[in-house]
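Report on one structure; see the data block that follows.
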Amino acid sequence: MKEGLLLKDWHIDKVSEAYLRLLKIDALLYSRKTDYQMVKIFKNETLGKVLVIDDDIQLVEMDEWVYHEALVHPALFTHPKPSRIAIIGGGDGGALREALKHPCVKEVFLVDIDREVVEACRRLLPEVHGGSFDDPRVKFLHLDGRLFLEDPPRKFHGILIDLTEPTRGPSKELYSKPFYELAKRSLTDDGVISLQAGSAMFHWKEGPSPILCYSILTSLFPIVRPYLVGIPSFGSLWCFLMASKRLDPLKVSRRALVKRMMERGIKTRYYTPELHRALFTLPRFFLEGFEIAKKNS
Ligand code: SAM
């Protein structure tokens, strides 16, 4: 009883079966079961605003910019002039905010299945979307990302896949070969895909995981580059993947990256041209895991 009372004002973050973390809910701002998932937004004194979907932390104000810059900029700076972008998921607007910083981006389709997530984030998380929801370059679609890519309105220079974890909820089918095939078909010949592929420390070999996403992508794309980012609020090193039919993020020189960053006039807190290259330098355990996956695919 006492324990129950104590935990009432805490969010329990299940990093893995035997590793739980507690986040104090200092003020509950939103709590609603939508048609697709359970959505909560609360304030925590240390982390700032926190978005939780189906009990998984989606972002915290303190470090959301690390995640969003890492998802968007390595891909968009690899492309010399990305103008048409699709974001699959990303209903909080953080990836959108970063993509719109590139002035060459002329059109972004934000395809999030859950209109209520987008509306709640628009109202309660202006620190995250930073007004990007009102940018005239954005087209909102509230439908399953798979349906969108089955019949896309055009081909994209960048597809940024910013989905909830695949353990439950509506994103499960989107960590799969059929979905990545659709994404490949929807890319221009020089287009790039980037996605978050989950924890690089916990469950990284089993189920929908970095290894699984990597295996599928390498069976479809000639260029697949995994990279790692430390995201404190996710309680782990996080794995991202970039894939492309033609452009290799490692073949873009530092000079070209510096030039693109200056020409596009982009200010960042996390991404730099030097970091771009460093991100793809991987620790041994990770390289070995991917080597095994490659052999088995
Ligand atoms: N940064 C995040 C994380 O930690 O996983 C992802 C954030 S973003 C809020 C995830 C979004 O994916 C949610 O708003 C959810 O509605 C959306 N989503 C889930 N399944 C989807 C699907 N099948 N098609 C489109 N959007 C989907």
Side-chain angles (χ1 to χ4, degrees), residues 68-91 94-96 98-113 137-141 143-163 166 171 173-198 208 210 212-227 239-252 256-257 260 264 271 276 279-280 290 294 297:
H68 290 121
E69 289 192 22
L71 177 72
V72 174
H73 297 311
L76 296 196
F77 277 117
T78 292
H79 196 287
K81 206 176 175 199
S83 83
R84 297 188 301 277
I85 307 296
I87 298 176
I88 309 297
L96 183 64
E98 293 304 319
L100 291 169
K101 283 184 181 172
H102 295 252
C104 45
V105 167
K106 300 292 177 225
E107 184 180 47
V108 184
F109 286 84
L110 185 106
V111 186
D112 194 296
I113 198 166
R137 293 173 286 172
V138 185
K139 296 186 169 62
F140 294 94
L141 291 170
L143 80 162
D144 191 312
R146 191 172 43 83
L147 286 181
F148 175 72
L149 291 185
E150 271 171 9
D151 187 19
R154 38 197 134 280
K155 293 207 171 195
F156 297 103
H157 300 117
I159 300 181
L160 310 169
I161 303 173
D162 186 14
L163 290 166
S171 65
E173 305 295 315
L174 275 54
Y175 289 82
S176 67
K177 189 158 185 173
F179 179 69
Y180 295 142
E181 271 167 346
L182 291 175
K184 182 180 178 188
R185 220 179 58 192
S186 313
L187 273 186
T188 56
D189 285 344
D190 61 357
V192 285
I193 290 184
S194 75
L195 57 110
Q196 68 108 339
L212 177 83
C213 296
Y214 178 78
S215 308
I216 300 173
L217 288 170
T218 46
S219 71
L220 296 172
F221 290 90
I223 300 161
V224 181
R225 299 286 182 204
Y227 56 106
C239 178
F240 292 78
L241 290 159
M242 246 182 84
S244 167
K245 294 179 240 182
R246 196 193 290 165
L247 296 182
D248 186 342
L250 286 175
K251 297 238 166 85
V252 192
L257 292 170
R260 282 175 195 173
R264 296 182 197 179
Y271 176 91
H276 180 104
L279 281 176
F280 298 95
F290 285 129
K294 211 169 184 175
S297 71

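Using a 4.5 Å heavy-atom threshold, the side chains of Y180 and L217 count as touching. Contact annotation: the side chain of P210 never approaches that of P226 to less than 4.5 Å [non-hydrogen atoms, C-beta and beyond]. Using a 4.5 Å heavy-atom threshold, the side chains of I85 and L76 count as touching. Contact annotation: the side chain of I159 approaches that of S186 to within less than 4.5 Å [non-hydrogen atoms, C-beta and beyond]. The closest side-chain heavy-atom distance from F179 to I216 is not below 4.5 Å.
Partners of H157 by ring-ring contact (aromatic ring centres under 6.0 Å, His included), not counting sequence neighbours, listed by chain and number: H79. Annotation: side-chain contact (heavy atoms from CB on, under 4.5 Å) contacts of L163 (sequence neighbours excluded): I88, I161, S171, L174, Y175. Applying the side-chain contact (heavy atoms from CB on, under 4.5 Å) rule to K106 yields the partners S83; only residues at least two apart in sequence or on another chain are considered. Among residues two or more places apart in sequence or in another chain, the side-chain contact (heavy atoms from CB on, under 4.5 Å) test is passed with P249 by T78, I223, R225, M242, H276, F280. The side-chain contact (heavy atoms from CB on, under 4.5 Å) test applied to L143 returns V111, L141, L147, F148, not counting sequence neighbours.
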* Would you please test C239 and Q196 for side chain to side chain contact (heavy atoms under 4.5 Å, CB included) and show each step? => CA-CA 6 Å; C239 178; Q196 68 108 339; over 6 Å; no
- Message: Is there a side chain to side chain contact (heavy atoms under 4.5 Å, CB included) between T188 and F156? Walk through the geometry before answering.
- Response: CA-CA 6 Å; T188 56; F156 297 103; 5.9 Å; no
What verdict does the side chain to side chain contact (heavy atoms under 4.5 Å, CB included) test give for L195 and F240, after you've listed the backbone C-alpha separation in whole Å, the side-chain angles of each residue and the deciding distance to 0.1 Å? CA-CA 6 Å; L195 57 110; F240 292 78; over 6 Å; no
*Where do K177 and E181 land on the side chain to side chain contact (heavy atoms under 4.5 Å, CB included) test, with the steps shown first?*
CA-CA 6 Å; K177 189 158 185 173; E181 271 167 346; 3.8 Å; yes
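The number of heavy-atom neighbours closer than 6.0 Å to CD of E173, taken from other residues, nucleotides and ligands shown, is 12 or below. Heavy atoms of other residues, nucleotides or ligands lying less than 6.0 angstrom from NZ of K139 number more than 12.
The salt bridge (Lys or Arg N to Asp or Glu O under 4.0 Å) analysis of residues 146-163, with sequence neighbours excluded, yields the pairs E107-R154, R146-E150.
The CZ atom of R137 sits 9.0 Å away from the CG atom of L96 when rounded to the nearest 0.5 Å. Atom CG of L187 and atom OG of S244 lie 7.5 Å apart (nearest 0.5 Å).
Nearest heavy-atom pair, A99 versus L160, reported as atom, atom and distance to 0.1 Å: CB-CD1, 4.2 Å.
Of the possible donor and acceptor atoms, one in the side chain of S194 sits under 3.5 Å from a partner among the backbone N and O of L71.
Aromatic pair Y271/F77: ring centres closer than 6.0 Å. In this structure, H102 has its ring center under 6.0 Å from that of H73.
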